[in-house]
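Naming convention: chains lettered A, B, ... in sequence-line order (proteins, then strands); numbering from 1 in each chain.
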Number of protein chains: 2
Amino acid sequence: MENSTKLLKEFNLKVTPQRIAIVDELYYKGHLNIDDLYSSMLNKFPSISLATIYKNVNSMVEKFFISEVKIPNSKSVYELIKEEHSHLVCENCNKIEDIVIDTSSVLEKLKSQSDFSVNYTNVVFTGVCSSCSK
Amino acid sequence: MENSTKLLKEFNLKVTPQRIAIVDELYYKGHLNIDDLYSSMLNKFPSISLATIYKNVNSMVEKFFISEVKIPNSKSVYELIKEEHSHLVCENCNKIEDIVIDTSSVLEKLKSQSDFSVNYTNVVFTGVCSSCSK
DNA sequence: CTGACTGCAAACGTTTTGCACGGTA
DNA sequence: TACCGTGCAAAACGTTTGCAGTCAG
């Protein structure tokens, strides 16, 4: 069975061709906003509705299968949930990369300064990617 | 001269009673979303328009006087621009606190892993604040 | 005095909803 | 077969725009 089908079942989402395509697209592209997703889906399903995109994205978010990534000064993108990671956003080409960075040193500092108990650490680096800085 | 008036002038924003009130409110409350800001303003200016809030917030953002803070799973809030800092968001009471944390250790790690050149580091910690965990 | 700001209403873009139909389990 | 997903159209929502009157510089 294909990977996307398996994943959808694991997250208790009914398997439809549209959903498989959304998962495939997120898998290959990594980060997509609603419009990108809609454009891509239109290639495969010329009569797909934007409402279908929204409904599916929303139910996938609810089931913690995908997550919304809020980017400063830009539209939100969606990505498949995986290991906790940070994001690199290029101001020049707008590309978003994932990077797994050990944030324990910052968490230690926080613990020494505050009584706040952290469940989730969100880090977004904005700057210029290696290909753009060449 | 009051503080807010002075600040508005420094940022080349014409001083109006509505703008002074917005700055005062942001100064005292720290972080406010558009609706909170509108509600507060309605107390002082019963006929203020939402459009006025938007127009002022937008021009203040353009002049780098205030900034939008995007919070995972929640509405954006606005704050006066000051020293770079991170945010603590309580999942329980939704309060947002500022915290100045040294993020150089994470930047060092990033530098050793990638060629990305960082201009701005955005950190949001989500969890439970000290008063809620009591 | 001039240009910018305000408040109102209309317009706009984005997201959600209701419904009839079709597909999945 | 029963329920859920799809596509369409309409509705709802948040934000922006245009305009006439007013105010700040």
Side-chain angles (χ1 to χ4, degrees), chain A residues 1-2 4-26 32-63 65-78, chain B residues 1-2 4-25 32-63 65-71 73-78:
Chain A
M1 193 193 321
E2 325 144 50
S4 301
T5 303
K6 200 176 141 208
L7 280 171
L8 284 166
K9 289 192 175 171
E10 278 174 21
F11 284 87
N12 289 306
L13 289 156
K14 202 165 268 192
V15 179
T16 67
Q18 291 85 343
R19 283 181 179 173
I20 293 173
I22 290 174
V23 178
D24 284 347
E25 195 68 13
L26 286 173
L32 294 167
N33 65 36
I34 292 288
D35 296 334
D36 295 338
L37 210 42
Y38 182 46
S39 310
S40 310
M41 291 304 102
L42 275 177
N43 296 329
K44 274 194 183 163
F45 306 95
S47 66
I48 199 171
S49 163
L50 234 194
T52 299
I53 307 289
Y54 277 108
K55 285 172 190 170
N56 282 329
V57 164
N58 288 341
S59 49
M60 290 178 186
V61 168
E62 274 161 29
K63 303 244 174 169
F65 179 36
I66 69 176
S67 69
E68 181 185 357
V69 183
K70 296 198 178 187
I71 307 291
N73 312 312
S74 161
K75 287 183 193 170
S76 288
V77 295
Y78 294 87
Chain B
M1 196 192 319
E2 325 142 53
S4 300
T5 302
K6 199 176 141 209
L7 281 171
L8 284 167
K9 289 192 176 173
E10 278 173 22
F11 284 86
N12 289 308
L13 289 156
K14 204 166 266 194
V15 178
T16 67
Q18 291 86 343
R19 285 181 177 172
I20 291 172
I22 290 173
V23 178
D24 284 348
E25 196 68 13
L32 294 166
N33 64 36
I34 293 288
D35 296 334
D36 296 339
L37 209 43
Y38 183 45
S39 310
S40 309
M41 291 305 101
L42 275 177
N43 296 330
K44 274 194 185 165
F45 306 95
S47 67
I48 199 172
S49 162
L50 235 194
T52 299
I53 307 289
Y54 278 108
K55 285 171 190 170
N56 282 329
V57 164
N58 289 340
S59 49
M60 289 177 186
V61 168
E62 274 162 31
K63 303 246 174 165
F65 179 36
I66 69 176
S67 69
E68 181 184 358
V69 183
K70 294 198 177 188
I71 306 291
N73 312 310
S74 162
K75 288 182 192 168
S76 288
V77 295
Y78 294 87

For this session: Report yes or no: is there a donor-acceptor pair, N or O only, under 3.5 Å between the side chain of K55(A) and the base of dG7(D)?
Result: yes
Exercise. Between dA4(C) atom P and E62(B) atom CD, what is the distance in whole Å?
Worked result: 13 Å
For this session: Would you indicate, yes or no, if dG7(C) has its OP1 or OP2 atom less than 4.0 angstrom from a side-chain nitrogen or oxygen of T52(B)?
Result: yes
For this session: Given side-chain contact (heavy atoms from CB on, under 4.5 Å), test N58(A) with K55(A) step by step and report yes or no.
Result: CA-CA 5 Å; N58(A) 288 341; K55(A) 285 172 190 170; 5.9 Å; no
For this session: Check the distance between dA24(D)'s C1' and L8(B)'s CG and give it to me in whole angstrom.
Result: 12 Å
For this session: Run the numbers on Y78(B) and L37(B) for side-chain contact (heavy atoms from CB on, under 4.5 Å), then give the verdict.
Result: CA-CA 9 Å; Y78(B) 294 87; L37(B) 209 43; 5.5 Å; no
Exercise. Just to confirm, is there a sub-4.0 Å distance from OP1 or OP2 of dT6(C) to any side-chain nitrogen or oxygen of S47(B)?
Worked result: no
Problem set entry | Nearest to side-chain heavy atoms of V15(B), which nucleotide of dT6(D), dT24(C), dG25(D) | dG25(D)
For this session: Look at the side chain of K75(B) against the base of dG14(D) and say whether a donor-acceptor pair falls under 3.5 Å; ignore hydrogens and angles.
Result: no
For this session: For I22(A) and dT6(D), give me the distance from atom CD1 to atom P, rounded to whole Å.
Result: 7 Å
For this session: Give the rounded distance in Å between these two atoms: CG of L50(B) and C1' of dG18(D).
Result: 17 Å
Exercise. N56(B) side chain N/O closer than 4.0 Å to the phosphate oxygens (OP1, OP2) of dC5(C)?
Worked result: no
Problem set entry | Check against side-chain contact (heavy atoms from CB on, under 4.5 Å), L32(A) and V77(A) | CA-CA 5 Å; L32(A) 294 167; V77(A) 295; 5.8 Å; no
Problem set entry | Option from E2(B), K14(B), M60(B) for which side chain to side chain contact (heavy atoms under 4.5 Å, CB included) with L8(B) holds | M60(B)
Exercise. Passes side-chain hydrogen bond (donor to acceptor under 3.5 Å, both in side chains), T52(A) versus Q18(A)? Steps please.
Worked result: CA-CA 8 Å; T52(A) 299; Q18(A) 291 85 343; over 6 Å; no
Exercise. So which nucleotide from dT16(D), dC5(C), dT6(D) ends up closest to the side chain of N58(B)?
Worked result: dT16(D)
For this session: Look at Q18(A) and dG7(D) and indicate whether a side-chain polar atom (N or O) is within less than 4.0 Å of OP1 or OP2.
Result: yes
For this session: List the steps and the verdict of side-chain contact (heavy atoms from CB on, under 4.5 Å) for I71(A) and K70(B).
Result: CA-CA 7 Å; I71(A) 307 291; K70(B) 294 198 177 188; 5.6 Å; no
Seminar exercise, completed: Residues passing the side chain to side chain donor-acceptor pair (under 3.5 Å) test with E62(A), sequence neighbours excluded, are none
For this session: Whole angstrom is fine here: how far is it from CG in L13(A) over to C1' in dT6(D)?
Result: 15 Å
Problem set entry | Separation of atom CE in M60(B) from atom C1' in dA4(C), rounded to whole Å | 14 Å
Exercise. Does any residue of residues 33-40 of chain B have a heavy atom under 4.0 Å from DNA chain C, and if so, which ones, in number order?
Worked result: none
Problem set entry | d(CG, N12(A); C1', dG5(D)) in whole Å | 16 Å
Problem set entry | Distance in angstrom units between F45(B) CZ and dT6(C) P, rounded | 9 Å
Seminar exercise, completed: Of the listed dG7(D), dT6(D), dG7(C), the closest approach to the I48(B) side chain comes from dG7(C)
Problem set entry | Proximal nucleotide (of dA9(C), dG7(D), dT17(C)) relative to the A51(B) side chain | dA9(C)
For this session: Test for a donor-acceptor pair under 3.5 Å between the base of dG22(C) and the side chain of K14(A), counting only N and O atoms.
Result: no
Exercise. Which residues satisfy the side chain to side chain donor-acceptor pair (under 3.5 Å) test with S59(A), sequence neighbours excluded?
Worked result: none
